[in-house]
Amino acid sequence: MSEKLRVAVLGARGRIGSEAVRAVEAAEDMELVAALGRGDALSAVTEAGAQVAVELTTPGSVMENLEFLVGHGVHAVVGTTGWNDERLATLRGWLDASPDTGVLIAPNFSIGAVLTMAFAQQAARYFESVEVVELHHPNKADAPSGTATRTAQLIAAARAEAGLAGQPDATATALDGARGADVDGVPVHAVRLRGLLAHQEVLFGGEGETLTVRHDSLHHSSFMPGILLGARRVGSAPGLTFGLEHFLDLN
Ligand SMILES: NC(=O)C1=CN([C@@H]2O[C@H](COP(=O)(O)OP(=O)(O)OC[C@H]3O[C@@H](n4cnc5c(N)ncnc54)[C@H](OP(=O)(O)O)[C@@H]3O)[C@@H](O)[C@H]2O)C=CC1
Ligand SMILES: O=C(O)C1=N[C@H](C(=O)O)C[C@H](O)C1
């Protein structure tokens, strides 16, 4: 058997990080060589000879971690949220200086969520109205979710490409937040509810019909196949890959 892939997990004591630790340990082709929590020195990653790091921390920590990882030529699979154009440009700058290193940022690692985004992108051009509702556990720190933000961006791009105008909405007065957050013209609503994990509905409306695309992650295990796939593939994809769909054959 060929040598095992040496993998580190950052955020190893968190909700998804602890599940990722178990998934890497259980993968026959991988060896967990480092599991870091907040306050642990990043040098443990390189000292352990990690080839790939799985980054599942917080928006406040992810940039410092990636600067270190990319600077040391460690490939990274990133699930942490909080991405914007400025952060992506900074990351691309680090990758330009380390051209053999690969970083995968996946707004969502579950196959169902990736398909939801693809289906929504496909449907977007056919409907006058569209709104996104994401529903998560109440311990989630950010809103709207990274997945909902990405979904809305993809929908907005597809609408623009199809030449669709703004959405019909006669609202003249509204309480703050009542119409959700505006992501590139697509309203995004965030629900936080005990008992939930990670869920999303994309609602499309046209003359006399609606279409709803819904996905439910019922357990953190739903994200593990995507994380493991990312870890296996990222080393042969130098530079930045945004979205797990690029490592899947969806057509
Ligand atoms: N892409 C995807 O498919 C998914 C993405 N996520 C995203 O992953 C992130 C983590 O989510 P979740 O596990 O629920 O959050 P948690 O708060 O449960 O876990 C985050 C963990 O990271 C730790 N941490 C913070 N800073 C560092 C650091 N510098 N080095 C190492 N560890 C650190 C935290 O420690 P402490 O508690 O001490 O702060 C905590 O244990 C979020 O951004 C979430 O949106 C989640 C699920 C799926
Ligand atoms: O915090 C979470 O739990 C999740 N975060 C990601 C997001 O913000 O999209 C992915 C998934 O929704 C779970």
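Start at 1 and go down the list; that is how both ligands and their atoms are numbered.
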Is Arg38 paired with Asp40 through a side-chain N to carboxylate O contact shorter than 4.0 Å? no
Under 3.5 Å: N/O of Phe109 near N/O of ligand 1: yes
Does any N or O of ligand 1 fall below 3.5 Å from an N or O anywhere on Ala106, backbone included? yes
Going by the atom numbers of ligand 1, which of them fall below 4.0 Å from some non-hydrogen atom of Arg13? 41 (O)
Could you find the nearest protein heavy atom to atom 5 (C) of ligand 1 and give me its residue, atom name and distance? Gly79 O, 3.1 Å
Short N or O distance, Thr80 and ligand 1, threshold 3.5 Å exclusive: no
For Asn65, take its heavy atoms, then give the atoms of ligand 1 lying under 4.0 Å from any of them. 28 (C), 29 (N), 30 (N)
Side chains of Glu131 and His189 only: does a donor on one sit below 3.5 Å from an acceptor on the other? yes
Can you check atom 37 (O) of ligand 1: any protein non-hydrogen atom closer than 4.0 Å? no
Should one rank Arg38, Glu19, Glu64 by closest heavy-atom distance to atom 25 (C) of ligand 1, which comes out on top? Arg38
Using every non-hydrogen atom in the two residues, find where Leu32 and Ala35 come nearest and quote the distance to one decimal. CD2-CB, 4.4 Å
Find all atoms of ligand 1 within a distance of less than 4.0 Å from any non-hydrogen atom belonging to Lys140, and give their numbers and elements. 45 (O)
Note the single closest protein heavy atom to atom 11 (O) of ligand 1, along with its residue, its atom name and the distance in Å. Ile16 CG2, 3.9 Å
Proximal candidate to atom 30 (N) of ligand 1 [heavy atom criterion; set Ala20, Gly37, Ser61]: Gly37
For atom 40 (C) of ligand 1, find the nearest protein heavy atom and state the residue, atom name and distance (0.1 Å precision). Gly14 CA, 4.1 Å
Is it the case that over 12 heavy atoms from other parts of the model lie below 6.0 angstrom from the CG atom of Asn139? yes
So does Glu134 pair up with Arg192, basic N to acidic O under 4.0 Å? yes
Kindly check if the number of other-residue, nucleotide or ligand heavy atoms within 6.0 Å of CZ (Arg179) is above 12? yes
Salt-bridged, Glu19 to Arg22, with N to O below 4.0 Å? yes
Identify the protein heavy atom lying closest to atom 10 (C) of ligand 1, giving its residue, its atom name and the separation to 0.1 Å. Thr57 O, 3.1 Å
Side chains of Ser222 and Ser217 only: does a donor on one sit below 3.5 Å from an acceptor on the other? yes
Are the aromatic ring centres of Phe223 and Phe109 under 6.0 angstrom apart? no
Regarding ligand 1, does His220 bring an N or O atom to under 3.5 Å of one of the ligand's N or O atoms? no
What residue and atom, counting heavy atoms only, is the protein's closest point to atom 43 (O) of ligand 1, and at what distance? Thr81 OG1, 2.7 Å
Flag, side chain of Arg6 to backbone of Gly49, donor-acceptor distance under 3.5 Å: yes
Heavy-atom count check: over 12 atoms from other residues, nucleotides or ligands less than 6.0 Å from Gln122 CD? no
Ignoring hydrogens, tell whether any protein atom lies closer than 4.0 Å to atom 2 (C) of ligand 1; use the non-hydrogen atoms only. yes
Near Pro107, which atoms of ligand 1 are under 4.0 Å from a heavy atom of that residue? 1 (N), 2 (C)
Who's the nearest protein heavy-atom neighbour of atom 14 (O) of ligand 1, and how far? Arg15 NE, 2.9 Å
May I ask you to identify the nearest protein heavy atom to atom 23 (C) of ligand 1, giving residue, atom name and distance to one decimal place in Å? Gly11 CA, 4.0 Å
Quick test of your reading of the model: are Asp216 and Arg214 salt-bridged, counting only N-O distances below 4.0 Å? yes
Considering residues, nucleotides and ligands other than Phe242, do more than 12 of their heavy atoms fall under 6.0 Å from its CZ? yes
Heavy-atom count around Glu86 CD within 6.0 Å, excluding the residue itself: above 12? no
Taking distance alone, with N or O pairs closer than 3.5 Å, would you say His137 contacts ligand 1? no
One pair per line, please: each N/O atom of ligand 2 matched with every protein N/O atom under 3.5 Å away, atom names first, then the distance to 0.1 Å.
unit_1: ligand 2; atom_1: 1 (O); unit_2: Lys140; atom_2: NZ; d: 2.9
unit_1: ligand 2; atom_1: 3 (O); unit_2: His137; atom_2: NE2; d: 2.9
unit_1: ligand 2; atom_1: 5 (N); unit_2: Lys140; atom_2: NZ; d: 3.2
unit_1: ligand 2; atom_1: 8 (O); unit_2: Lys140; atom_2: NZ; d: 2.7
unit_1: ligand 2; atom_1: 8 (O); unit_2: Gly146; atom_2: N; d: 2.8
unit_1: ligand 2; atom_1: 9 (O); unit_2: Gly146; atom_2: N; d: 3.2
unit_1: ligand 2; atom_1: 9 (O); unit_2: Thr147; atom_2: N; d: 2.8
unit_1: ligand 2; atom_1: 9 (O); unit_2: Thr147; atom_2: OG1; d: 2.5
unit_1: ligand 2; atom_1: 12 (O); unit_2: His136; atom_2: NE2; d: 2.6

Drop me the distance from Glu55's CD to Ser61's OG, to the nearest 0.5 angstrom. 7.5 Å
What atoms in ligand 1 come closer than 4.0 Å to a heavy atom of Leu36? 31 (C), 32 (N)
One pair to check against side-chain contact (heavy atoms from CB on, under 4.5 Å): Val213 and Leu203. What are the steps and the verdict? CA-CA 7 Å; Val213 185; Leu203 300 99; over 6 Å; no
